[in-house]
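One structure below.
Proteins come first, then strands; the chains are lettered A, B, ... in the order of their sequence lines, and each starts at number 1.
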Amino acid sequence: MSLLEVRNVSKRFGGLLAVADLDMTVEEGEIRGIIGPNGAGKTTLFNVISGTYRPTSGDVFLDGNRLTGLRPSRIAGKGGVRTFQRSAMFSDFTVLENVSIARHLHARESLFGAIVGTARGMERANEVRALEILDFIGLGEFRDELAPNLSHGHQRALGVAMALATEPRILMLDEPVAGMNPAETERMTRIIRRLRDEWNITILLVEHDMKTVMGLCEYITVLNFGKKLAEGVPAEIVSNPDVIEAYLGSEDILGDDEFAA
Amino acid sequence: MDAATLIQTLLNSVVASSIYALVAVGLALAFGVMKMANFAHGEFFMVGAYCVYVLYALVGLPFPLAVVLAIPIVALFGVVVERLIFRPTRKNILAGFMATAGLAFVLQVLAGQIWGVGIAKSIPTPYMGAANVGDATIGWQRLIVIPCAFAMLLALRYFLYRVKLGKALRACAQDPEIAALQGIRTNRMTMLAMALAGASAGLAGALMAPIHAVTPYMGHGVILIAFVVVIVGGMASIEGAILAAVILGFIHTFVTTVTDNLIATMVGVGFMALTLIVRPQGLLGRERA
Amino acid sequence: MNLLLELDNISVRYRKIEAVKGISIGVGEGEIVTLIGANGAGKSTTLRAISGLERLSGGEIRLGGKRIDGASPERIAGLGIAHVPEGRRVFPMMTVRENLEMGAYLRKDAAALRADFDDIFRRFPRLQERANQLAGTLSGGEQQMLAMGRALMSRPDVILMDEPSLGLSPIMCREIARIIRTLHTEKRTIVLVEQNARLALALAQKGFVMETGRIVLEGPAAELRENDKVQHTYLGVA
Amino acid sequence: MSVPSEPASAGLDVGIAMRRFAPLLVLAAVLAALCVLGFELKPYHREIAIVFFINVIMVTSYRLITTTGDWSFAHVVLMGAGSYGAALIAKHAGLPFGVVVPMAGITAAIVGAAFIVPLLRTAGFGFFIASFAMGELVRLIWVKVQFPFGGTRGIINIPSPEIVGLRLSPPVPYYFTCFIVMLAAVFIMWRLDRSRIGNAWKSIHSDDLLAECVGIDVARYRSLAFITGSFFAGIAGALLAYRMGAIDPRNFDLTTMIYLIIWVVVGGTATFWGPIIGLVVVTIAFEWSRPLLEWRPLMFGGVLIFFLIFLPGGLESLVPKVSNALRTPPGQQFERLRTWLTTFASRT
């Protein structure tokens, strides 16, 4: 069985059909890219899978569990977690605290426990794990820095660290390298690959930076007008005339030679 | 309920709806443009009533003139509040709102200190007598509220849908950034919205002055109703505010006739809670994508 | 050529990200200049900086030799720059006619205005059919026409167009291309931001290819059309 | 970017120890002073102190709710729910003080739980307005319903508080009763604030979508904060009911709510102690301004407006600024003042 299954999902906003009857499956251990021109419905699809939007019709399954209609917190509990396009963090907290808060699912506390302070041991184990994640992501040395003081690249890395703190089976990355310089992009790419190779986490990513997508993903789904335009390995995608047309526009968009310059 | 009571209640419902609509429309309009509401909106109503008290009962101007003069006076209050409170707190919506709660205090004390607290001001009824509709009778003073409110709402509608400036105001409420790209000065529009909010609330207060007890604290009940109306109608929707005003005006008047005023208010608030659960964006509010 | 609009080494910063990193573009009078590149390259940000929606962190913008950077969007609109925003952004709860009126908000010449309404409706017959319909109920292509019409109503010296083909069907794209071509024959000055590179390069005289906030290629549109590097920039193949 | 570790010196240790223990020392000194004051204060001032203790519970519990980003306008009504609950239970069931106070808290928590159901559908601004309307609804029920709430006249002859035969009603014992209850309530809320639950609340305020996506059930935690805050408001209400012996709906009206907001805004809500600082300052100012009589609401309304416009972070936001200013040399201070003045001038 596939890890993630998207079945006939549609999402409509007023008159606009942002995602139209889409099917997609992602196997365990895959690094899957979702690409497409602006307005193709990538982010909407992403939001539907992660529970941010409820689909107009269709269903999403994670490891056989139906996710449709669940809130993101419940989906996180089932092993699906997303990151954000923007730098999202809890700005009043340090880097370590951010990751520690994100370990919520694994460090629940009762009201009584919070008052009496019964959870010391659990918190210590929790902090060890949080530090492990930070070291892996390369933010270990910034553990006591306030999150908004980090550079842009480090803030994005913190977003990934917080997602990892939920111990996901599938990690959904929304433009993980947006706004990064080449060195930061390179580092993030390495981290993503190691997450799959060493931590065995399935990766689903939406990204505009084509170099990153082509270099990182084994399999790519291309969306256009909310529909699946193509699916395949990077080499196939790059040479697929439909994809080229979607990105660069059609050769014959101007019709006859009326407009030839 | 016999026929006479029924007719009387219906007429009273229309009166109540008209006043609710006048008060709520300004709140909704200002909210649409500023995304902020004015907690002292009820005090605008109070100031409108005091305008009539001063100009008509004390100075002795004719009642219609006093009512007409109340409109620009309270509109000016709206402009001042926009400049002094809402503009400096624009970045923090709750701060602006809470500051106007402080303003409500200020206006109440000022009214109380200038014209005295304690007993309500007695304003001689300008239009004595009552109209007979079937077996029902209703005072002219109440009846006159209906055409006045209609005139104001129609004038507002004309302004918003026929006059360029009014259209610019609507454009600003729908998409301020794009409105700015057309050369519309958004700061001017927020001032205008607050002026209109003041004008309509002031008119409502002025019209109610001879009927309602005029006290510094009369705005309190009004703001509660106005908030309930705009929440039910859908925060920024003017049409929603009018629709909700009609619904709540009828509910309030009928429940008051059958039981009493307090229970009617409770039913209104209950209706709001229900709306929030069933349709959080309000009756005519747009769902955010 | 006489440069009407000049971007001189401009940078724009969003919090911690430099979205535009020191780019220079010159737009001649009556010229169509296009900015192309993948999503997130900084094209839209550049347009927003021109119309005053974003503040510059460096550089200068000049219109007809006079600096306009730092002015408010309202003022820049008054100076003769019209912006057709990304995603159309018509006023959804206003009629088509009212949307056009808003485009002409700063104009006082009633007689000429009436002529311009006729002109817009002649250009976009579909808008005339739907003149009293709420703009929010129009199709994507119709909204795009309305956004263009709204910009034309201000009689601008420069029109900025942000992704006019976005999300439109091929037929509609062709329609939009035809309109832009007509505008060119009328000697209008246009800055066109497009993802649809082939369309844009067929329309424009000059092209700039952007990648992560920088201009990586520039030249006459006809040359860029033949350049394989354009496709590489888009699809990320080295 | 790691800081090179300095060799530990004795002087440094003392400095660290001072920094760590100074707040504790201050706290201990304040507590000791309050104990002494319990005996030494003049009756009138003791009354003010008792009301102050009750209000400390109010501002602290109010802040607890605001940590999620929800600003309620119903908190005083929830306090009233505690007062009415306590009055009715003490009067009709004849239960002792020690049982009535927690039951009053539970009463308020139940009313709070009923409020939060529709309120969860709103956020920010709508939350404020809707909570105001719902609070008024409950207050109108008290005004309207004769049995058991007594209508406008409220409930009179509330039995005096007693614990295992000990009469708590004389001023000095009641002072210490309120003092102890306040300490317990504040301690519990302080623990919550610093716990994982408290961090979850603050994370919702910071970015609710992110909080939801990392597995925090936002609706559940917002409810939890609101209900917990209501519980403590109810405790404060019970103390108030016992203190006054009679309560009526006017004790819980809009004016009181706006004063609560003034306390909190003047102090600031970013830190746990901010609202208490605000309460102290405003209480003192309120007593000093007694000669102003009816002009006082105007003055405090003005204070509220002033703080929201010019010092939105409250008094607590001055603490880092002041300590920073003390550390910088005078030349730089002048420069900073100048830039502050120019930015200020450009803003208005």
Side-chain angles (χ1 to χ4, degrees), chain A residues 14-16 18 35-42 85-87 148-156 175 177-182 185 206-216 224-226 234-235 237-240 243-256 258-261, chain C residues 14-19 21 36-44 86-87 92 136-140 143 163 165-171 173-178 180-181 184 194-205 211-213 220-222 225 230-238:
Chain A
L16 177 78
I35 64 169
N38 231 335
K42 308 177 297 281
Q85 222 173 84
R86 60 197 163 96
S87 299
N149 295 346
L150 293 181
S151 71
H152 172 72
H154 285 142
Q155 284 183 355
R156 303 303 311 269
E175 301 200 24
V177 302
M180 285 190 177
N181 64 35
T185 303
V206 165
E207 182 52 66
H208 282 132
D209 186 276
M210 285 301 161
K211 279 190 197 113
T212 306
V213 175
M214 296 298 165
L216 188 59
N224 199 20
F225 295 111
I237 295 299
V238 171
S239 53
N240 183 324
V243 175
I244 295 173
E245 185 178 316
Y247 269 87
L248 292 179
S250 164
E251 291 283 358
D252 58 23
I253 189 93
L254 299 176
D256 45 34
E258 178 189 354
F259 295 126
Chain C
Y14 282 121
R15 291 190 186 172
K16 304 217 161 188
I17 318 170
E18 198 157 42
K21 302 164 183 164
I36 54 178
N39 247 332
K43 307 177 307 258
S44 285
E86 184 180 352
T137 64
L138 299 181
S139 74
Q143 288 189 357
E163 305 264 14
S165 78
L166 180 71
L168 299 186
S169 66
I171 299 165
C173 278
R174 195 173 302 172
E175 181 69 19
I176 297 293
R178 189 186 60 76
I180 295 175
R181 188 49 73 99
H184 180 61
E194 257 302 339
Q195 195 173 237
N196 190 331
R198 286 179 176 148
L199 171 70
L201 290 175
L203 292 169
Q205 286 76 57
E211 199 179 31
T212 56
R225 250 194 313 247
V230 176
Q231 182 174 337
H232 296 163
T233 313
Y234 272 74
L235 292 180
V237 278

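The existence of a salt bridge linking C:R178 and C:E175 is confirmed by a sub-4.0 Å separation between a basic side-chain nitrogen and an acidic carboxylate oxygen.
Of the two parts of C:E86, only the side chain, counted from C-beta on, holds a non-hydrogen atom closer than 4.5 Å to a non-hydrogen atom of chain A. Only the backbone of C:L168 has a heavy atom closer than 4.5 Å to any heavy atom of chain A. Residue A:P182 does not touch chain C at all, counting heavy-atom pairs closer than 4.5 Å. Within the 4.5 angstrom heavy-atom criterion, only side-chain atoms of C:E163, from C-beta onward, approach chain A. Using a 4.5 Å cut-off between heavy atoms, A:Y247 contacts chain C through both its backbone and its side chain. Looking at C:E211, the atoms closer than 4.5 Å to chain A (heavy atoms on both sides) all sit in the side chain, from C-beta outward.
Residues passing the side-chain hydrogen bond (donor to acceptor under 3.5 Å, both in side chains) test with A:K42 are A:H208, sequence neighbours excluded. Annotation: side-chain contact (heavy atoms from CB on, under 4.5 Å) contacts of A:S87 (sequence neighbours excluded): A:H152, A:Q155, A:R156.
Listed for the A:E207 side chain is no donor-acceptor partner under 3.5 Å among the backbone atoms of A:T212.
The residue among C:L166, C:T137, C:I36 with the most heavy atom pairs within less than 4.5 Å of chain A is C:L166. If you tally non-hydrogen atom pairs under 4.5 Å between each of C:G167, C:G87, C:G213, C:S139 and chain A, the highest count goes to C:G167.
A 4.5 Å side-chain heavy-atom check between A:N224 and A:V243 finds every atom pair outside the cut-off. Inter-residue side-chain proximity for C:R198 and A:I244 is flagged as met; some heavy-atom pair is nearer than 4.5 Å.
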